[in-house]
Structures are given as structure tokens and as C-alpha cells.
Amino acid sequence: MFPKGDELPDSVVSQLDVDTGYFSVLARSYDLSWQAVQCGYIGLCETYTQFEDLPVIDNYRFARKYFSSFWVFYVLVIRLLSFYNPITEVLGWWKTRKVSRSTYLKMPLVNEVYATFESELIKKKPLVSVIIPTLNRYPYLKDVLHDLEHQAYTHFEVIIIDQSLPFRAEFYTDFQLELQVVHQEEKALWLARNRAVKMAKGEYILLFDDDSRVDKNWISEHLKGLDFFKADLSSGVSISEVGAPTPAHYAYFKISDQLDTGNVLLKKDVFEAIGLFDRQFEKQRMGDGEFGLRSYLAGYLNISHPYAKRLHLKVGSGGLRDMGSWDAFRTNSLFEPRPVPSVLYYFRRYWGNSAARWSMLRTVPLSIMPYRFKGSKPMMLLGGMVSIFILPMVVFQVLKSWRLANKKLRKGALIAKLEE
């Protein structure tokens, strides 16, 4: 994924900040590689297959450039607790204290060709299967389907897996769309999506949510992005307020670091190669993230597409909110597991127990504060301090989650093949 810094095209390097402040030449190369990916480089340059150890001072310089001072201090504490040489660590942290935070998000790579690109893929008019699972959201689903009726790209079918009670078959009669509607009695998101993928006739699958709004170029932008970058997945951008700007880190094309099953177009071949969604995540969290990681490990290219936008209304009822967990780390009662067991299942399955424990040390204390304070550093810091006072309860919650994740790991992944 990360291109070798010394093999990047000159046209790309000229748009990056060549940092000569690193102690080692290799660190400078790694820094260029990081910048290139974060700023939107999507190319065929040879990539690193492994990374060599760097001087401690270079690691702290890198951390200070791209992460907040809070997390740099966190790294220092963790490394000291891990019995690394305390003198080397403290000196590395102290000597880099004047390093400024990078503003790379304000300087994405310029991609002028895309605007005039004429997609041969769109001209071929492949069939796209738009998949929408829905649960008790008919008023919002009506707007979703009206948006689809007005799409500029018209060669698509819509598959709806409706889990609503009561089920309203008459709701679907007046839409000018090629609709397949299935009433599913079991309220299960990943079962619904898997079922729809199996029903799909299209070469491309477009996963969508029942509480979203899109403009008329939504489908065509997804297809154009796949064609332009010769990618396999196109992850669109989600915004939660009308007129809100696209978040800075999603405002330009780049290799995607997420897969949002409410707004992603992908080749059906991906499902044929790696299987469907893992039902171990049913009524919990991170099922889309797991599929995204699985597709990445299989070598598929997933681009973040800034023009394939949707307005995600995040309706307060229906959907996943009616099924169970909404937040991965914040519980509704003192006796619920923290985090949701599927989160630990995901971390432990792909990175092992040790990495999962370190991850919990970083994420769990900050999750004490309510979600609405997520963007407030003082409140998150307060959450970390509060967690110390309620440590026994937090430990109980984490151990409960760990035990439930054990059951998932023993049972193994529930990933069906597409042809089953």
C-alpha cells in the first residue's frame, strides 16, 4: 500500500514536503511514502513489503508531525511501561517537542485530469444492483427511492430487504424503478445484505442505507471513479448535515481507509473471491470494517471518492438502532460488555491478543464520556481520568467482552460463499 519514497514520480514529490529533519535517510523516505498516501497518491509505484527499525528520535518526529500531542505523550507512557530504554525514549520525546503538526490535509495532490475524463465503463452501461436493507423507516425510504428515480445513470436494479413490522407491500407499488422487494422476518442486517448480494444480477453492487439522500450523479460518479483509477471498490463520502462541507480527510481522492456499507460500489467479483459479510457481527459493530480489511488483504484497491456523496440522516429510530448496538465502545448500562464483543473478535482475529489489549488501553478509557463529547479533548481527557475511579467496573465490562469474544473466536467466522 505504501509506495517506496525514493521511487515516487517527481511530479508527486514536488507536491510533498521533503523533510530533511529526520536523523536517518530511510525515515525521510518513509515520511514521503506516508505523505503520498495521505495526500491522495493512487499509483503503480513499487510498495514496501516490510519496514525497518528507525532511530527513536525519528519515530517521535513522525508522531509529532501527524498525530496530536496527546497521542505522542500516550506513546511515550506506553513505551516506558513496556521497559524500553527510558533515557532514549524521554530524550527522543523531548528533542522533538518543537516539531510542528503537519498541515498535509490542506495540500492534497492535484488531480486535474479526472474532471474531463470520459468513462468507457459508463458508456458500456453495466448493470448495477443497488442494495438497501430497511427496518421501520418507510418515510425516509420514500425519499431514498425518489432519489434513485432521478439518477442520471439508469441501468440499475434496486433490491430491498424489508424487515419492517408491519410489512407494507403496497408501499412499493408506485415507484418507477426495477424493484425486487423481499420481506425478511428476522431482523438481521448482515443476513439481509448477504441475501441481497446473492439475488443481485448486476456486475456491480452498490450498498446503500435507508436513511440517506443523494444527488442525480451519485451512481455515475461511483462508476467513473472505479474506471478512472482501475479500482475494485469506491467508498463514497457521508455527511450528516445539509450543506455541511466534506470532512477535510475525505475531500479528495485517495486510497480509502474505510468501507462504509451505506455508500460503497464494488465489483461483484470481490464477493465471489472473498465471500460475503461475516455474520459474527450481526446486531453488533464493525462488520463493514472487517469486510474492507478482508478485501484489502486480498489485494483489491478501494478508493475514497469525494464526489460520490450522500447525506446520512442518522435517524434516531429504526435500522441498527432497533436491532441492538449503535456505539462500539459506549454502553447503555453498567453491566453491558465494553467494547461490543464483535470489536474484540475483529481485533483479536486479525492482530492477535496482545495488540487487542493495547488497543483497549487506548480506546476504552476515553469511551467513558458520552459520544457527543467525542470531539472535545478536555472532555475525553476527563473521561480517561474518570475511568481510573471506576476502574473495577470498567475491568468487569472489558472482561465480559473478552469472554464473549472468546466464544466468537472458537466458533470461527461465519462467512458464506456467494454461490451457496
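- Between Y172 and F175, the ring planes lie tilted relative to each other; the angle falls in the 30° to 60° range.
- The salt bridge (Lys or Arg N to Asp or Glu O under 4.0 Å) search around D31 returns K65, not counting sequence neighbours.
- Contact check for F156 versus L148: side-chain heavy atoms found under the 4.5 Å cut-off.
- The two atoms that bring H155 and K125 nearest to each other are ND1-O, 2.6 Å, heavy atoms only.
- Figure legend: K254 and Y41 shown without cation-pi pairing, the cationic atom not lying both under 6.0 angstrom from the six-membered ring centre and within 45 degrees of its axis.
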| said: Determine whether F70 and Y74 satisfy the following criterion, ring-ring contact (aromatic ring centres under 6.0 Å, His included), listing intermediate values before the conclusion. | reply: CA-CA 6 Å; F70 175 86; Y74 170 85; 7.2 Å; no
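- The closest side-chain heavy-atom distance from S24 to L54 is below 4.5 Å.
- A cation-pi contact, defined as under 6.0 Å to the ring centre and within 45° of the axis, is absent between R310 and F208.
- Applying the 6.0 Å contact sphere to NE2 of H146 captures more than 12 heavy atoms from other residues, nucleotides or ligands.
- Residues passing the side chain to side chain contact (heavy atoms under 4.5 Å, CB included) test with I255 are M1, I42, L301, sequence neighbours excluded.
- Nearest heavy atoms, N263 versus A308: ND2-O, 2.9 Å.
- With sequence neighbours left out, D227 forms a salt bridge (Lys or Arg N to Asp or Glu O under 4.0 Å) with K230.
- Residue Q163 is tested with K187, E185, H183 for a side-chain contact (heavy atoms from CB on, under 4.5 Å); the sole match is K187.
- Applying the side-chain hydrogen bond (donor to acceptor under 3.5 Å, both in side chains) test to E7 and every residue at least two apart in sequence or in another chain returns nothing.
- Within the 4.5 Å cutoff, the side chain of V128 has heavy atoms near those of the L223 side chain.
- Using bins of under 30°, 30° to 60° and over 60° for the plane-to-plane angle, the ring pair W351/Y346 lands in the perpendicular bin.
- Taking the centre and axis of the six-membered ring of Y22, the NZ or CZ atom of R28 falls outside the cone set by 45° and 6.0 Å.
- In this structure the side chain of Y345 never reaches within 4.5 angstrom of the side chain of N406, judged on heavy atoms.
- Ring geometry for F277 versus W190: interplanar angle of 30 to 60°, hence tilted.
- The aromatic rings of H222 and W218 stand perpendicular to each other, their planes meeting at an angle above 60°, with 30° marking the opposite boundary.
- The aromatic rings of F253 and F229 sit tilted, their planes meeting at an angle between 30° and 60°.
- Residues passing the side chain to side chain contact (heavy atoms under 4.5 Å, CB included) test with L297 are L293, Y350, sequence neighbours excluded.
- In this structure, the side chains of S256 and I303 stay at 4.5 Å or more apart for every pair of heavy atoms.
- For R348, the salt bridge (Lys or Arg N to Asp or Glu O under 4.0 Å) test picks out no residue, with sequence neighbours left out.
- With hydrogens and angles ignored, the 3.5 Å screen pairs no side-chain donor or acceptor of D209 with any backbone N or O of D211.
- With Y30 contributing its side chain and E52 its backbone, the two residues share a donor-acceptor pair below 3.5 Å.
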